[in-house]
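These notes concern the structure reproduced below.
In what follows, chains carry the letters A, B, and so on, assigned in the order in which the sequence lines appear, proteins first and then strands, with residues in each chain numbered from 1.
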Amino acid sequence: MTNILEVKDLELSFHTFAGEVKAIRGVNFDLQKGETLAIVGESGSGKSVTTKSIMRLLPESSAEYKNGEILFEGRDLTKISEKDMQKIRGKDISMIFQDPMTSLNPTMTIGRQIMEPILKHQKLNKSAARKKTIELLNLVGIPNAENRYKMYPHQFSGGQRQRIVIAIALACNPKVLIADEPTTALDVTIQAQILELMKDIQKKTDTSIIFITHDLGVVANVADRVAVMYGGRIVEIGTVDEIFYNPQHPYTWGLLSSMPSMDLEDQKLYAIPGTPPDLLNPPKGDAFALRSEYAMKIDMERQPPFFKVSDTHYAATWLLHSQAPQVEPPALIIERMKTFKGSRYYVEQTGGTV
Amino acid sequence: MRNENEQEKLTPEDFERVTIDAHHSERIEKPSLSFWQDAWLGLRKNKAAIVSMIILLVVIIMALIGPHLNGHAGDAQNLRHANLPPKIPGIEATGFFDGDGKLAGKTVNLYEMKKVDEYYWFGTDGLGRDLFTRLWEGTRVSLFIAFVAAAIDMVIGVAYGGISGYFGGRTDDIMQRVVEILIGIPTLIVVILMIMIMDPGITAIIVAITITGWIGMSRIVRAQTLKYKSQEFVLASRTLGAKDGKIITKHLLPNMLGIIIINTMFTIPNAIFFEAFLSFIGIGLQPPAASLGTLINDGYKVMENQPYVLLFPAIVISVLMIAFNLIGDGLRDALDPKMKD
Amino acid sequence: MVKYIGKRIVYMFITLFLIATASFFLMQTLPGSPIASYNKLNDTQKAIVEKKYGIDKPKPVQYAIYMKNLAKGDLGTSFVFKGKSVNDLLATRLKPSLILGAQAMVFGTIVGILLGMLAALKHNTFWDYGSTFFAILGISIPSFVFASLLQYWIASEWHLLPVGLWNDGWKSSVLPSLALAMGPLALSARFIRTEMIEVLNSDYIMLAKAKGANGFEIAFKHAFRNALIPLITVLGPLAAGLVTGSLVVEQIFAIPGIGEQFVSSIMTNDHATIMGTTLLFSAFLIAVIFIVDILYGVIDPRIRVSGGKG
């Protein structure tokens, strides 16, 4: 497996009238060829900003890269010129946005909008680009593409528009596709169709996908690996199974507990108390400590480093320190951990804890 | 399953459990602000608006006290003192405002020539009237017309739009048909026709400006009323038995206050403009009455030889218009919820 | 759409009819006689003149005759310019006004659009503050003050261009056009700036950037058209401002145009000409607003297909 994208110690701030907002405070992850990495977290956790910073789509006047690097095929995207970046955007890395109702230009036909990156990045003439556009429309499941090619966005439904946005993103066979909550604004039935479409396309094209969402149900459906973000940092990263069945960070516990589930008798839904941290004055230690019932004295003073759980699974919580006391996760989480081989609550067919 | 990372030794106290009441992080940090406090906070950040308010205040004060400052009466004619250029004590030594003026193509000190000992700060006109005094008298008249016209526009517009929007149905239908016809008639035409059939004067100008001026306000108020009256909080209040009067005064008006104020702030400079416009083309205020429009008209006629007669009223009207527009802009940014994050 | 246009045309004629009626009866209440310039005549001669202009008949009959002629497009006979028809009078004066108005409109909106674009693309920089300040000046300073200043400095003091009149080819039109253009310039600059900033913050501009479009493509291919379409909605107020401005600007520069005619007719109590000009101005402004509404529907694809007003 080769890493196509590596984000190292990324720190990014916004300069606002109120002061410096530290939106990303040291983010590390990598993306492998052909995999889907989901980034989950609540609003304001920095997941959207992280991906927009990879694309360098943040306003230059207010956003500042403070530290770290974003390595794409060995080049640091934070250092290259805007002109070089324009050659990467839409060609090597492309993006799908949250709201299909507003992300298409209302006064341009959809055909021209899809053709734009093709003409820009690939040396194709108009008729070849047109042919490619129609192919793309067929690929994303817009029927009757030859005729609808000349239509304007308002003549399409929300789900169809998101398909068109996906077609634009796929136009140049990108190596990385960033999907920023692509299904949040859609009806549930349409959501499933779009997710199917994305999985389908990934199978065909072997594109790597970064999938941002706050919906854990979607994550279980599409992702290979999951990164959990909180307060501008990744607090836990691992494979889907590891995050869902052997979570280590109290925030991940909270997230999973607040996910409605069909197979549990207890219908009372859990809500994480409190509000996300104020990134104008980020907390000194573990950002989640203020909302966590597992907080320790050191959480208030020092940021936890990443502790290794397995080769693919890391979590940033002092609870994993060798001197830390053993704590009991919420009952719901223990239930989950019982099914995961290698967790301390794993129950064999015959019973008993390891 | 403990990790293999190198781990520094920490003291056992570090791992003591602490209990935090998570709910304290949910308390509302910002104090609650009234409408006016919120507006003021927004406006205060807008430097242009603040400077404009200060300038406007100075102009208003000058309009009130200016005519009494130098002892010359605005209507006192003294032909021996006619056409004197500005002369200001203190500044005259710098070479500006020292009483020099052109006479038959040559620059001479007209005060010395005509043996005038008094100072006319902004000069005199062809009848020897003090222009400083007349300028502030004219400003007072222009401001008076503008404020009264804006107030009348506001009252009629809010009442008409409010009634039309709130009661709806047939009332709304009939009232809107009337507006649809009226809005088609160009303001300029109405203003000029109205002013022609009335005796020229302040009243005529105010009537002419307000006769169609309220329509803009009424349309905005009607749209806002329609928007708010269908919202849940009004429905809730009605369910609890609130009467129309209470719903209008407690729920609708406070929500519309911002947009009403903004709109009024833009009708004031419009009224100043129309007064000056009418007086300039000669159908507004008639001599010897002064307004910014008549002063500019007087100044325009002698612009060739006595440019200062035009200069000062032109500056004052421009400054007033700029100030009102900037305050209007500032208020819109501060009050319009659409502009807020 | 056809029904909508039909309804609008009916409203236009009702409005014009009301303006004609109102102005006719308002004229009758005016102080001063329309034939004041004939006051050296004796009673018999006066009666002859009154008969000639038809003002000896009862008011309702006069009204009926006037409306009948109006329906045929005849605006009556001027009282001041003896025997000349108002139609001819206005026709000779149409050209200068149209030239000035068109030049002011084209120059004003183009420069205004460029200025507004500059301000939006360089948002919160010196360029933005500079052009915003310029726009505020343009909106605030009354056209007659600006016209007077132009005339004083450029014509009287520096002798660069004629002080006035319409006898020096294109040179005669420069200063009055410039004075008239300030309004449309400032208004469109402000409008485009606001629209452009909003458009530049929209999701589809972000998507265009994500496609790899460069700054130029984003500004002109994607943002410009979307910011420009709403500008059509202010063309109505712009035209009204131009007509208002033309009254004073033509007077200041002594241009033999409609605006100057209107003001001098008011001064000489020339009822027929006042009414004729009033109707001409009204018809023009009403037509502009009507065309704007239709045009908006044609240009914006969102409205074009759905048919009605968006």
Using non-hydrogen atoms and a 4.5 Å limit, figure out which bit of [X] sits close to chain C: side chain, backbone, both or neither.
X	value
B:L311	neither
B:I322	both
B:N297	neither
B:I281	both

Any heavy-atom pair between the side chains of [Y] and [X] that's under 4.5 Å?
X	Y	result
B:D329	C:R190	yes
C:Y152	B:L310	no
C:I252	B:F280	yes

- [ ] For chain C, find which of B:F273, B:Y300, B:F324 contributes the most heavy-atom pairs closer than 4.5 angstrom.
- [x]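 Greatest number of close heavy-atom pairs with chain C: B:Y300.
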
Task: Winner by heavy-atom pair count (cut-off under 4.5 Å) against chain C, out of B:A276, B:A323, B:G282, B:A48 - done: B:A276

TODO: Assign the ring pair C:F144 / B:F277 to parallel, tilted or perpendicular, where the plane angle (0 to 90°) is split at 30° and 60°.
DONE: tilted

- [ ] Go through the atoms of C:F284 and report whether side chain, backbone, both or neither lie under 4.5 Å from a heavy atom of chain B.
- [x]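 Contact with chain B: none, neither part.
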
Task: Residue C:M12 versus chain B: region with a heavy atom under 4.5 Å - done: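 It is neither, since no heavy atom gets under 4.5 Å.
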
Partner chain B: residue of [options] with the largest heavy-atom pair count (under 4.5 Å):
options	answer
C:I14, C:I286, C:I19, C:V243	C:I19
C:S23, C:P142, C:A22	C:P142
C:L285, C:T278, C:T244	C:T244

For [X], is the [atom1] atom crowded, meaning more than 12 foreign heavy atoms sit under 6.0 Å from it?
X	atom1	result
B:R219	CZ	no
B:F147	CZ	yes
B:F266	CZ	yes

Task: Closest non-hydrogen atom pair, B:S318 against C:S140 - done: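 Smallest heavy-atom distance, with atoms named: O-CB, 4.4 Å.
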
Open item on the list: Give me the atom names and distance for the closest heavy-atom approach of B:M321 to C:I139.
Closed with: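 Scanning both residues, the minimum pair turns out to be CE-O, 4.5 Å.
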
